[in-house]
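Position 1 is the first residue of the sequence; numbering continues from there.
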Amino acid sequence: MIITLKDGSIKSYDAPKSVYEIAQDISEGLARAATAGELNGKVVDLRTEVAEDCSLNILTANDKAGLAALRHTTSHVLAEAVKNLYPDAKLAIGPSIDTGFYYDFECQSFTREDLDEIEKEMKRIIKKGAKLEKFTLPRAEAIKYMQERNEPYKVELIEDLPEDAVISFYSQGDFVDLCAGPHLMSTKSIKAFKLTSSSGAYWRGSEKNKMLTRIYGTAFPKKEELDEYLAYLADIKNRDHNKLGREMELFTTVDVIGQGLPLLMPKGVIVVKELQRWIEDLEDNEWGYIRTKTPLMAKSDLYKISGHWDHYKEGMFVLGDEEKDKEVFALRPMTCPFQYYVYKAGQHSYKELPLRYGETSTLFRNEDSGEMHGLTRVRQFTISEGHLIVRPDQMVDEFKGCLALAKHCLETLGLADEVTYHLSKWDPNNREKYIGEPEVWDQTEASIRKVLTELGVPFTEDVGEAAFYGPKVDINARNVYGKEDTMITVQWDALLAEQFDMYYIDENGNKVRPYIIHRTSIGCYERTLAWLIEKYAGLFPTWLCPEQVRVLPISEKYNAYAEQVNDKLRKNGIRSSVDERSEKIGYKIRESRLAKVPYMLVVGAKEEEEGKVSVRSRYLGDEGMKELDSFIDAICREIRTKEIRKIEVDAAK
């Protein structure tokens, strides 16, 4: 047989050989580094027998799939260690993932101290260097085998496989696990790993199932790579908005108030207020929006007309019982039907369109308790919502305009390079989820696809992610842990005008159905705040900082001058304060840095005598003495233009 290797070279053999044996034949060094093979483009185990002509690539931990094999084997070592230390633990699943691996157990929860003990046991197992051996059993024998080992979750997994399936297992010494592979040849090849955390996880991801204990870990071929990754984890932990936002006193949560109902603290309110004022002024003054204010709830009748009652009722907070109460209300999960009735309050000519309605809307959605997280997944939130009522011939240009507004907002916030664009389509195999005919969906999806292509926007297409009444563009971003959330949405709606009997009078005096664009310009303010906290590690651009300047008198003798400086700053619209505590100036500077204040103005005898201030900033460090008016002009210009200055000094020092 002829084996074509990745570099184009040829190996010829008279008899079948395993991938590992071929690696050995190439070089002992390659065999030691090998973690898996790629046979005719398919990832295979090192034990896989090659018996005919093929192309073969020997994978190492430097390859994505090869690294996954290393991590998968480490997850098996984790499982063995847990079974050694907690014999009653039941094994669930333990795959490799992009950041490492995890394993789910029916077991007690684990503390950091427990994870450290499990790590020690894993190192003992690795030191023994047991070989991993693969064997297979018919389905019925595999079920019996796992029943005898008292592993009910493995039994359930096997029972879900076809009757004629041949089930594979891997053993390492006395430990055996159900697994399709691929795996390393020996545990001794694991050089650098770390258990990073433990949490709860529902069996098979369903809250209807038992809550299991999940241990996360990671592994790398070299200790240096592991150390670099752990340093990265420490950084993102410090950026986690759920941790940092509380430390900065931007928001908090309280059990007796409820999950997904965060309290914005005064500092957090300042940031959101700045964002909200900016968006409202931007939309109204530059993009032609007109503002509405509509109720937070409505009778069920409204949602039945829109279709939300049939398609979204489980995600709503319903007030009342249809069988008992004369009227049933629900808190609104969206604003669109309310704004439709603003439109319907009068008759409109084709000359009036487009009409762009904007509203800062508080919405309510009954999210699952397991989905709640900080400010990114909540049950009450405020959104920069808008609905454009347009003629069909205006739809494309207005849709492009909504995308342009969203891009402008992202660029202003310094977030434009961190998003991905998605065409969210309907799922024709799940017709009950949607209204409208297939022809309408095909046409509207094609129109959005053409818009994105013309704009040169890279995008992916996601089946089943459309709203029940139309396709949309979702602009998504990932949090520090890699989880993707939708930040901004622009939806194409050719259906709901019919539901609500909306029309305009065309040039011939005929009634014509308009099209509707549902959109946000910045999305949910709470989620955007979380995004900004993580993006800037709390070091917001100056215009968004809750406190923009702190005046630091060197001693109590200069408090009066510090107050004069502060008064002038505040009269110019700058958020400032004075630190009048009887502390050393070095301490005050450190405290200001910890509070993430962008500018500190140090004042003492010389500054008071000359009517100046000594400027220290997170951007340039010690900027020296400046005229107060000059400083005020500069910072006001920075705030007005929403400048994002580059930080050129270590803000922690």
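Rounded to the nearest 0.5 Å, atoms CG (Asn84) and CD (Glu121) are 4.5 Å apart. Note that CG of Leu132 is 12.0 Å distant from NZ of Lys134, once rounded to the nearest 0.5 Å. Note that the CD1 atom of Ile190 and the NZ atom of Lys188 stand 12.5 Å from one another [nearest 0.5 Å]. Expressed to the nearest 0.5 Å, how far CG of Leu46 lies from OG of Ser186 amounts to 11.5 Å. The CD1 atom of Ile475 sits 14.0 Å away from the CG atom of Asp485 when rounded to the nearest 0.5 Å.
The closest donor-acceptor contact from the side chain of Arg527 to the backbone of Thr486 lies under 3.5 Å. In this structure, the side chain of Ser171 does not engage the main chain of Gly173 through any donor-acceptor pair within 3.5 Å. Between the side chain of Asn238 and the backbone N or O of Ala234 there is at least one donor-acceptor pair closer than 3.5 Å. Not one N or O on the side chain of Thr48 forms a donor-acceptor pair closer than 3.5 Å with the backbone of Val44. For Asn479 (side chain) and Gly482 (main-chain N/O), a donor-acceptor pair under 3.5 Å exists by modelled atom type. Under the 3.5 Å distance criterion, the side-chain polar atoms of Thr213 are left unmatched by any main-chain donor or acceptor of Gly200. Judged by distance alone, the side chain of Asn40 and the main-chain N or O of Ser55 form a donor-acceptor pair under 3.5 Å. A donor-acceptor pair under 3.5 Å links the side-chain atoms of Thr187 to the main chain of Ala130, judged by distance alone. Between the Thr520 side chain and the Thr489 main chain, a donor and an acceptor come within less than 3.5 Å of each other. Not a single donor-acceptor pair under 3.5 Å links the side chain of Lys90 to the backbone N or O of Cys107.
In this structure, the side chain to side chain contact (heavy atoms under 4.5 Å, CB included) partners of Ala65, at least two apart in sequence or on a different chain, are Val43, Leu59. For the ring-ring contact (aromatic ring centres under 6.0 Å, His included) test, residues two or more places apart in sequence or in another chain that qualify with Trp426 are Tyr434, Trp441. A search for side chain to side chain contact (heavy atoms under 4.5 Å, CB included) contacts involving Tyr13 returns Met1, Ile3, Lys11, Lys17, Ile22, Asp25, not counting sequence neighbours. Taking Lys243 as the reference, Glu247 meet the salt bridge (charged side-chain N to carboxylate O under 4.0 Å, His left out) condition, with sequence neighbours excluded. Residues forming a ring-ring contact (aromatic ring centres under 6.0 Å, His included) with Tyr216 (at least two apart in sequence, or on another chain): Tyr102. Residues meeting the salt bridge (charged side-chain N to carboxylate O under 4.0 Å, His left out) test with Arg149, sequence neighbours left out: none. Taking the side chain to side chain contact (heavy atoms under 4.5 Å, CB included) definition, one finds that Asn366 meets it with Phe317, Arg379, sequence neighbours left out. In this structure, the salt bridge (charged side-chain N to carboxylate O under 4.0 Å, His left out) partners of Asp160, at least two apart in sequence or on a different chain, are Arg204. Arg431 meets the salt bridge (charged side-chain N to carboxylate O under 4.0 Å, His left out) test with no other residue; sequence neighbours excluded. For the side chain to side chain contact (heavy atoms under 4.5 Å, CB included) test, residues two or more places apart in sequence or in another chain that qualify with Leu67 are Ala61, Leu70, Arg71, Pro221.
Under 3.5 Å, the side chains of Thr420 and Asn476 contain no donor-acceptor pair of N or O atoms. Asp462 and Ser424 share no side-chain donor-acceptor pair at under 3.5 Å. No hydrogens or angles considered: nothing links the side chains of Glu133 and Tyr170 as a donor-acceptor pair under 3.5 Å. Between the side chains of Glu156 and Trp203, a donor-acceptor pair is found at a separation under 3.5 Å.
Taking 4.0 Å as the cut-off between side-chain N and carboxylate O, Asp116 and Lys120 do not count as a salt-bridged pair. Salt bridge Lys425/Asp427: absent, no basic N to carboxylate O contact under 4.0 Å. In this structure, Lys194 pairs ionically with Glu119, as a charged nitrogen and a carboxylate oxygen lie closer than 4.0 Å. Lys83 has no carboxylate O lying under 4.0 Å from a charged side-chain N of Glu80, or vice versa, which leaves the two without a salt bridge. Salt-bridge formation is not detected for the pair Arg478/Glu418: no Lys NZ or Arg NE/NH1/NH2 atom is positioned less than 4.0 Å from an Asp or Glu carboxylate oxygen. Under 4.0 Å is where a charged nitrogen must lie from a carboxylate oxygen, and between Arg239 and Glu534 no such pair does. Looking at Asp114 and Arg112, no side-chain N of the basic residue comes within less than 4.0 Å of a carboxylate O on the acidic one, giving no salt bridge.
In terms of heavy-atom proximity, Phe101 sits nearest to Ala219 at CE2-N, 4.1 Å.
Residues Tyr103 and Phe105 bring their aromatic ring centres within 6.0 Å. Taking the six-membered ring for Trp and the full ring otherwise, Tyr229 and Phe220 have centroids separated by under 6.0 Å. Ring centroids of Phe110 and Tyr86 are separated by less than 6.0 Å, placing the two rings close together.
The number of heavy atoms from other shown groups lying within 6.0 Å of CD (Glu148) is above 12. Annotation: Asp98, atom CG; neighbour count of heavy atoms from other residues, nucleotides and ligands within 6.0 Å does not exceed 12. Shown here is Asp14, whose CG atom has no more than 12 heavy atoms of other residues, nucleotides or ligands within 6.0 Å.
Under the salt bridge (charged side-chain N to carboxylate O under 4.0 Å, His left out) criterion, the residue pairs touching residues 43-61 are Asp45-Arg47, with sequence neighbours excluded. Under the ring pair (Phe, Tyr, Trp, His ring centres under 6.0 Å) criterion, the residue pairs touching residues 37-75 are His72-His76, His72-His183, with sequence neighbours excluded.
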Original post:
Step by step, would you call Lys237 with Asp235 a salt bridge (charged side-chain N to carboxylate O under 4.0 Å, His left out)?
Top reply: CA-CA 5 Å; Lys237 185 177 180 180; Asp235 177 61; over 6 Å; no
**OP:** Go through the steps for Glu151 and Asp177 under the test side-chain contact (heavy atoms from CB on, under 4.5 Å), then give the verdict.
**Re:** CA-CA 10 Å; Glu151 296 292 355; Asp177 203 353; over 6 Å; no
**OP:** Let me see the working for Tyr481 and Asp240 under side-chain hydrogen bond (donor to acceptor under 3.5 Å, both in side chains), right down to the final yes or no.
**Re:** CA-CA 8 Å; Tyr481 296 106; Asp240 183 347; 3.0 Å; yes
**OP:** Evaluate the criterion ring pair (Phe, Tyr, Trp, His ring centres under 6.0 Å) for residue pair Phe381 and Phe364; output intermediate values, then yes/no.
**Re:** CA-CA 7 Å; Phe381 55 94; Phe364 306 85; 8.3 Å; no
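Residue Leu5 forms a side-chain contact (heavy atoms from CB on, under 4.5 Å) with just one option from Ile10, Asn57, Ile26, and that option is Ile26. For the side-chain contact (heavy atoms from CB on, under 4.5 Å) with Phe540, the qualifying choice from Leu413, Ile533, Ile644 is Ile533, the only one to do so.
For the pair Val176/Phe135, a side-chain contact is recorded, criterion being any heavy-atom separation below 4.5 Å from C-beta on.
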